[in-house]
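Nothing fancy with the numbering, it's 1 onward along the sequence.
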Amino acid sequence: MNVSKLSLETPAPDLGPVEPVEPATQSAASSNVPWDITPSEKAKYDQVFDSLKPVQNMLAGDKVKPVLMNSKLPVDVLGWIWDMSDIDKDGYLDRDEFAVAMHLVYQAREGHELPTILRPGLIPPSKRKGAGLASSVAPSMPGAVPVLPGAVPVLPAIGGASGAGSGFGRSTPTQGVVGSPLPWVVTAAEKANSDAIFKKLDTDMDGLVSGLETRDVMAKSGLPTNILAHIWGLCDSQSAGKLTTDQFALAMHLIQQKLQGSDPPSQLTPEMV
């Protein structure tokens, strides 16, 4: 560190080896990646989807819960699977998102480690950039209720007391009262998962992770180094050269969004802070 060099142009931080991909062809390449779910698997999952009586081609959490619970997987794992599968974050699973959820359930049951972010091959072709993504404003449907602020999302209750939540929801980093800040873009499930990764990376247990400590995790996304450097710069808002747990969670969220076709902003929006 040298104050006299603060205004000098410097190269982007080294985030590790990544396969070079031309920016102009990045989206096209991602859109051409075969879907990991085979036609025979999809047909099987579609039968289950239809048997659950979807409304407007959507399934709420209370209808998906029995199927997920039959897997005997831990509730926190199922919550993470739901959060990754709900790609457009509307609180419901459509036909393709349900297929992703079922695929991940079978992977987990067979002992495979769940991904921290959806790789391009797991994202349904219908959800990739330029393939007609759903509007960012979710349609109003009965049954979607948010998780209490700060709570880790759990499976929706069914057959319990009236008023029980019927779908997975999003959480906010602050108390959800009228006039409070916008909900955080990082969901509770994303935060819980990133915290687990953060704990492994923070070897010196100082509550911060450096670029060197996060290099391998971020490089696994396959994103170009300049994109990862931009995401790092957005999250390291104090230019400390290290990320806190919240900043790391945001970085992982922005990487996931980029893999789904949404470019990181030039600067953080209020709901990202």
Participant: Apply side-chain contact (heavy atoms from CB on, under 4.5 Å) to Thr38 and list each qualifying residue two or more places apart in sequence or on a separate chain.
Facilitator: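 So Thr38 forms a side-chain contact (heavy atoms from CB on, under 4.5 Å) with Ser40, Glu41.
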Participant: Under the side chain to side chain donor-acceptor pair (under 3.5 Å) rule, collect the residues that match up with Asp202, sequence neighbours excluded.
Facilitator: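 Asp202 satisfies side chain to side chain donor-acceptor pair (under 3.5 Å) with no residue once adjacent residues are dropped.
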Participant: Quick one: salt bridge (charged side-chain N to carboxylate O under 4.0 Å, His left out) partners of Lys42, sequence neighbours excluded?
Facilitator: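 Scan of Lys42 (salt bridge (charged side-chain N to carboxylate O under 4.0 Å, His left out), adjacent residues dropped) gives Asp46, Asp96.
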Participant: To the nearest 0.5 Å, what is the distance between CE (Met218) and CH2 (Trp232)?
Facilitator: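 Taking CE in Met218 and CH2 in Trp232, the distance rounds to 7.0 Å.
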Participant: Among Ile117, Val185, Ile231, Thr187, which one satisfies side-chain contact (heavy atoms from CB on, under 4.5 Å) with His253?
Facilitator: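 Passing option: Val185.
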Participant: Sequence neighbours excluded, which residues qualify as side chain to side chain donor-acceptor pair (under 3.5 Å) partners of Asp204?
Facilitator: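 Expected list: none.
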Participant: Among Val77, Asn193, Val105, which residue satisfies the side-chain contact (heavy atoms from CB on, under 4.5 Å) criterion with Leu114?
Facilitator: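 For Leu114, the side-chain contact (heavy atoms from CB on, under 4.5 Å) check succeeds only for Val77.
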Participant: Applying side chain to side chain donor-acceptor pair (under 3.5 Å), can you list everything that pairs with Asp246, at least two apart in sequence or on another chain?
Facilitator: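 Partners of Asp246 by the side chain to side chain donor-acceptor pair (under 3.5 Å) criterion, ordered by chain and then number, come out as Lys191.
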Participant: Going by side-chain contact (heavy atoms from CB on, under 4.5 Å), name the residues that satisfy it together with Gln107, two or more places apart in sequence or in a different chain.
Facilitator: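 Scan of Gln107 (side-chain contact (heavy atoms from CB on, under 4.5 Å), adjacent residues dropped) gives His103, Glu110, His112.
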Participant: I'd like to know if Lys258 pairs up with Asp263 as an ion pair, taking the criterion as any Lys NZ or Arg NE/NH1/NH2 lying under 4.0 Å from an Asp or Glu carboxylate oxygen.
Facilitator: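 Salt bridge between Lys258 and Asp263, a charged N being under 4.0 Å from a carboxylate O: yes.
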Participant: Who are the side-chain contact (heavy atoms from CB on, under 4.5 Å) partners of Pro54, not counting sequence neighbours?
Facilitator: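 For Pro54 the side-chain contact (heavy atoms from CB on, under 4.5 Å) partners, ignoring immediate neighbours, are Phe49, Leu59.
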Participant: Pick out which of Thr203, Leu243, Leu208 makes a side-chain contact (heavy atoms from CB on, under 4.5 Å) with Glu213.
Facilitator: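 Among Thr203, Leu243, Leu208, the one meeting side-chain contact (heavy atoms from CB on, under 4.5 Å) with Glu213 is Thr203.
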Participant: Taking only residues two or more places apart in sequence or in another chain, which ones pass salt bridge (charged side-chain N to carboxylate O under 4.0 Å, His left out) with Arg109?
Facilitator: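 None.
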Participant: Below 4.0 angstrom, N of the basic side chain to O of the carboxylate: do Asp94 and Lys127 qualify?
Facilitator: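 Counted as a salt bridge, because a side-chain N and a carboxylate O are separated by less than 4.0 Å.
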Participant: Can you tell me how far apart OG1 (Thr245) and CG (Leu250) are? Round to the nearest 0.5 Å.
Facilitator: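 Those atoms lie 11.5 Å apart.
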Participant: What residue pairs, at least two apart or across chains, pass ring-ring contact (aromatic ring centres under 6.0 Å, His included) with a residue in residues 186-228?
Facilitator: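 Listed once each, the pairs are Phe198-Phe248.
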Participant: Please enumerate all residues that pass side chain to side chain donor-acceptor pair (under 3.5 Å) together with Thr269, with sequence neighbours excluded.
Facilitator: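 Only Glu271 meet the side chain to side chain donor-acceptor pair (under 3.5 Å) criterion with Thr269.
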Participant: Going by salt bridge (Lys or Arg N to Asp or Glu O under 4.0 Å), name the pairs with one or both residues in residues 50-59, residues two or more places apart or in two chains.
Facilitator: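 Qualifying pairs: Asp50-Arg95.
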Participant: Quick one: pull up CD in Gln260 and CG in Asp88 and give me the separation to the nearest 0.5 Å.
Facilitator: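 So the gap between those two atoms works out to 9.0 Å.
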Participant: Going from CD on Gln256 to CG on Leu118, what distance comes out if it is rounded to the nearest 0.5 angstrom?
Facilitator: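 If I round to the nearest 0.5 Å, the distance is 4.5 Å.
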Participant: So how far is it from Trp82 CH2 to Lys65 NZ, rounded to the nearest 0.5 Å?
Facilitator: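 Nearest 0.5 Å value for the CH2-NZ distance: 12.0 Å.
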Participant: Just how far is it from atom CG of Leu122 to atom CZ of Arg119, taken to the nearest 0.5 Å?
Facilitator: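 Here the interatomic distance stands at 4.0 Å.
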Participant: Please enumerate all residues that pass side-chain contact (heavy atoms from CB on, under 4.5 Å) together with Leu212, with sequence neighbours excluded.
Facilitator: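 Expected list: Ser210, Arg215.
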